[in-house]
Amino acid sequence: MPAIGGPIRISGMSSGMDIDKLVSDLMRTERLPLDKLHRQKQELVWKREDYRSMNTTLLSLRNSVNDLRLESGFAKTKVTSSNTNLADVISNNAAATSAVVDVKSLATGAITFGDSVAYDTTKPIASGGTFTIEGKNGKETITVTANVSSVKSIVDSVNAKSSTTGVKAYFDENTKRFMFSSTEMGSKATVTVGGDAAVLTNVLNIKAGSTKGTDATYTINGSTAVISSSSNTVDVNGIMVALKGTGTLTLATNTDKDGAQEKIKEFVAKYNELVDKLSEATTTRPNRNFEPLTDSEKEALTDKQIEQWEKKARQGTLYSDDFLESTLTQLRTMIRTPLEGVKDGHVKLLSDIGIKQSSDYKMNGKLEIDEAKLSEALNTKFDQVVTLFTKPSTTEGKTPTGAATRRAEQGFAERIYEEATKRIDSVSKKIGSSASLESMDESWFGKELRNLSREESRVNDRLIDIENRYYKKFTAMEKALQSLNNKGNWLSQQLGAM
């Protein structure tokens, strides 16, 4: 079929040649510049994706030091119970204060037990009638049908109406007893059982009557004022506590040094993760034997083969990348630079609190933690550790000298947060903010992709012209052969007539 706007194509009618295949073979060489542009675009997309992955890891590192650069990140409190048999701390409040609690009684629900029943609980009950269940929410009548109802159906009937009564039923298979309990606790919780005497005696084996729950009662800090609660979960000076027994206990509020240690360990983990990622990216060499595949090349391969090929083709996109290598260098320098502007004897290096760079060159400067030394530093030099991470600097960093002074005066979390932010911003400007890896925005990658797309369009137009010229020449050849064939046939006819 002729191309739109192109020459009429006559495919081998006179020559017997496969003109389409001949043109296709000729165009394969002509398309090499277009294939090269396609590969360049794919390499740019892969490189952009890898840069984005680096930025994500930088962001994780920055997030890990965000709390550590602020004194409030170290000032979290932790409340503990002196006797967990009496009470557990279930939530903390930053404004909570210590307290002495004397638990006098626990909150209970209302409960009514029957005696053991004498009949076979696996079979329908021979007796029938009605009984009533009443709780805090209301009263309901339960019907027992002789030779039809069972222990299970009675329990299910009561429980089906628990939302309107506030009472639930149970049957203890071991003791063969019915039990009715309130769904809530406290002095306002009640359970009342009544109804036909025959049902109460022959079915439930329970006495008619009522029971009530009790409130939890306790005092705080020796006060004579007794506090009541319908629940065993109570608020004591901003501390949520689960009461478990009666007696006196102390709720102590202390600085959560374990929490600070966990945050420091998380920072080290994120730092090492970044070192691993940047080191691998900048030292992995490209495999020159594998290039990005064109669409026509992919058609000849399976999905698995394409996946394996592209895994090798895309490795080394950031090999010896100056920006990433300088990021690693800056981070290593910051870790080794002592903190300035503090008194003699003050901790000045991460190694002073048990965090040091590995001496194994294969570890690429990753950090190692001596947890015992870190714990000791937090317990004996807590304020110094806080300063080591949080100390700010008022020095301007606009000149190389000013930048070096500012860096030395900053706490380690401040240093890393500031450097990570600068690096993240630089990468973002280079790769753009669009979610699409092929976005032609105003970032460096976006502009490069736009230029390649324009060049692709130009080369593609030229290829169309070349292909049309090939078809035009072959069409002219076919017409010439057809004319020769016609003349040959005429001569044959003339000679045959002689």
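Values below: every heavy atom of this structure, side chains too, minus hydrogens, waters and symmetry copies.
Phe412 carries Arg415 over the face of its six-membered ring, with the cationic atom under 6.0 Å from the centre and within 45° of the normal. Annotation: cation-pi geometry satisfied between Arg423 and Phe323 (NZ/CZ under 6.0 angstrom from ring centroid, within 45° of ring axis). A cation-pi arrangement is absent between Arg285 and Tyr319, since the terminal nitrogen or guanidinium carbon is not both under 6.0 Å from the aromatic centre and inside a 45° cone about the axis. Taking the centre and axis of the six-membered ring of Phe382, the NZ or CZ atom of Lys257 falls inside the cone set by 45° and 6.0 Å.
In this structure, the side chain of Ser64 engages the main chain of Leu61 through a donor-acceptor pair within 3.5 Å. The main-chain N or O of Ala107 is found under 3.5 Å from a side-chain atom of Asn232 such that the two form a donor-acceptor pair. A donor-acceptor pair is defined here as one N or O able to donate and one able to accept, closer than 3.5 Å; no such pair exists between the side chain of Ser53 and the backbone of Glu49. Side chain of Gln384 to main chain of Val347: a donor-acceptor pair is present (N/O by atom type, distance under 3.5 Å, no hydrogens or angles). Arg332 places a side-chain N or O within 3.5 Å of a backbone atom of Asn364 that can act as its donor or acceptor partner. Listed for the Glu297 side chain is a donor-acceptor partner under 3.5 Å among the backbone atoms of Thr294. Side chain of Ser375 to main chain of Glu371: no donor-acceptor pair is present (N/O by atom type, distance under 3.5 Å, no hydrogens or angles). Using a distance-only test at 3.5 Å, with no hydrogens or angles considered, no donor-acceptor pair links the side chain of Ser162 to the main chain of Val158.
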- Stepwise side chain to side chain donor-acceptor pair (under 3.5 Å) check, Arg62 with Thr421: CA-CA 7 Å; Arg62 188 179 74 173; Thr421 298; 3.2 Å; yes
- Evaluation steps, side-chain contact (heavy atoms from CB on, under 4.5 Å), between Val167 and Thr183: CA-CA 6 Å; Val167 178; Thr183 55; 5.9 Å; no
- Item | Steps toward salt bridge (charged side-chain N to carboxylate O under 4.0 Å, His left out) verdict (Glu368, Lys356) | CA-CA 5 Å; Glu368 298 175 337; Lys356 64 178 182 179; 5.0 Å; no
- Message: Working note: Thr233 + Ile90, criterion side-chain contact (heavy atoms from CB on, under 4.5 Å); need CA distance, chi angles, decisive distance, verdict.
- Response: CA-CA 9 Å; Thr233 300; Ile90 57 177; 3.6 Å; yes
- Take Lys263 and Glu266 through the test salt bridge (charged side-chain N to carboxylate O under 4.0 Å, His left out) and record every step on the way to the result. CA-CA 5 Å; Lys263 288 180 182 179; Glu266 181 186 2; over 6 Å; no
- Could you give me the CA-CA distance, side-chain angles and deciding distance for Thr282 and Glu325, then say whether side chain to side chain donor-acceptor pair (under 3.5 Å) is met? CA-CA 7 Å; Thr282 55; Glu325 287 183 339; 4.7 Å; no
- Report the C-alpha distance between Arg458 and Glu455 in whole Å, list the side-chain angles of each, state the deciding distance to 0.1 Å, and finish with yes or no for salt bridge (charged side-chain N to carboxylate O under 4.0 Å, His left out). CA-CA 5 Å; Arg458 187 188 67 77; Glu455 184 64 13; 2.4 Å; yes
- Task: Begin from the C-alpha positions of Ser231 and Ser229 and carry the test side chain to side chain donor-acceptor pair (under 3.5 Å) through to its verdict.
- Result: CA-CA 5 Å; Ser231 169; Ser229 171; 5.0 Å; no
- Message: Run the side-chain contact (heavy atoms from CB on, under 4.5 Å) test on Leu318 and Tyr51 for me, step by step, so that the C-alpha distance in whole Å, both residues' side-chain angles and the decisive distance to 0.1 Å come before the verdict.
- Response: CA-CA 8 Å; Leu318 301 176; Tyr51 259 122; 3.7 Å; yes
- Mind running side-chain contact (heavy atoms from CB on, under 4.5 Å) on Glu418 and Arg407 for me, showing each step along the way? CA-CA 9 Å; Glu418 191 172 280; Arg407 189 57 50 83; 4.1 Å; yes
- Query: Checking salt bridge (charged side-chain N to carboxylate O under 4.0 Å, His left out) for the pair Asp156/Lys152: CA distance, chi angles, key distance, verdict?
  - Reply: CA-CA 6 Å; Asp156 290 344; Lys152 183 179 183 305; 2.7 Å; yes
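A heavy-atom distance below 4.5 Å is not found between the side chains of Thr224 and Thr219. At least one side-chain heavy atom of Lys41 sits less than 4.5 Å from a side-chain heavy atom of Ser453. Considering only heavy atoms from C-beta on, Phe267 comes within 4.5 Å of Ile416 through its side chain. Using a 4.5 Å heavy-atom cutoff, the side chains of Glu409 and Thr405 are in contact. Counting heavy atoms from C-beta on, the side chains of Ser182 and Thr190 never come closer than 4.5 Å. Using a 4.5 Å heavy-atom threshold, the side chains of Thr248 and Val101 count as separate. Annotation: side chain of Thr387 is not in contact with side chain of Val385 (no heavy-atom distance under 4.5 Å). A 4.5 Å side-chain heavy-atom check between Lys312 and Gln308 finds every atom pair outside the cut-off.
To the nearest 0.5 Å, atoms CG (Leu37) and CG (Asn451) are separated by 11.0 Å. Rounded to the nearest 0.5 angstrom, Ile264 CD1 and Leu367 CG are separated by 12.0 Å. Atom CG of residue Leu70 and atom CZ of residue Phe389 lie 13.0 Å apart, to the nearest 0.5 angstrom. Taking CD of Glu291 as the reference point, atom CD of Gln40 lies at 10.0 Å (rounded to 0.5 Å). Note that the CD atom of Glu414 and the CG atom of Leu339 stand 11.0 Å from one another [nearest 0.5 Å].
Heavy atoms from other residues, nucleotides or ligands lying under 6.0 Å from CD of Glu280 number 12 at most. Around the CD atom of Gln305, the shell of radius 6.0 Å holds more than 12 heavy atoms that belong to other residues, nucleotides or ligands. Within a 6.0 Å radius of NZ in Lys381, other residues, nucleotides and ligands contribute 12 heavy atoms or fewer. Within 6.0 Å of NZ in Lys311 there are 12 or fewer heavy atoms belonging to other residues, nucleotides or ligands. Asp360 CG: more than 12 foreign heavy atoms inside a 6.0 Å radius. Few gaps surround NZ on Lys277; more than 12 heavy atoms of other groups in view lie less than 6.0 Å from it.
Side-chain atoms of Ser393 and Gln410 form no donor-acceptor pair, as typed in the model, at a separation below 3.5 Å. Remark: the Thr217 side chain and the Ser105 side chain contain an N/O donor-acceptor pair separated by less than 3.5 Å. With no hydrogens or angles considered, no side-chain donor-acceptor pair links Thr246 and Lys104 at under 3.5 Å. Checking Thr214 against Thr108 by side-chain atom types alone, a donor-acceptor pair falls below 3.5 Å. Between the side chains of Asn137 and Thr164, no donor-acceptor pair is found at a separation under 3.5 Å.
Nearest approach of Asp235 to Tyr218, heavy atoms of both residues: O-OH, 4.1 Å. For Phe74 against Leu68, the heavy-atom pair with the smallest separation is CE1-O, 3.3 Å. Closest approach of Ile133 to Thr165, counting heavy atoms only: O-CG2, 3.9 Å. Here the shortest heavy-atom pairing between Lys244 and Asn85 reads CB-O, 3.5 Å. Closest approach of Lys212 to Ser187, counting heavy atoms only: CE-O, 3.4 Å. Shown here for Ala189 and Ala110, the closest heavy-atom pair between the two residues is O-CB, 3.6 Å.
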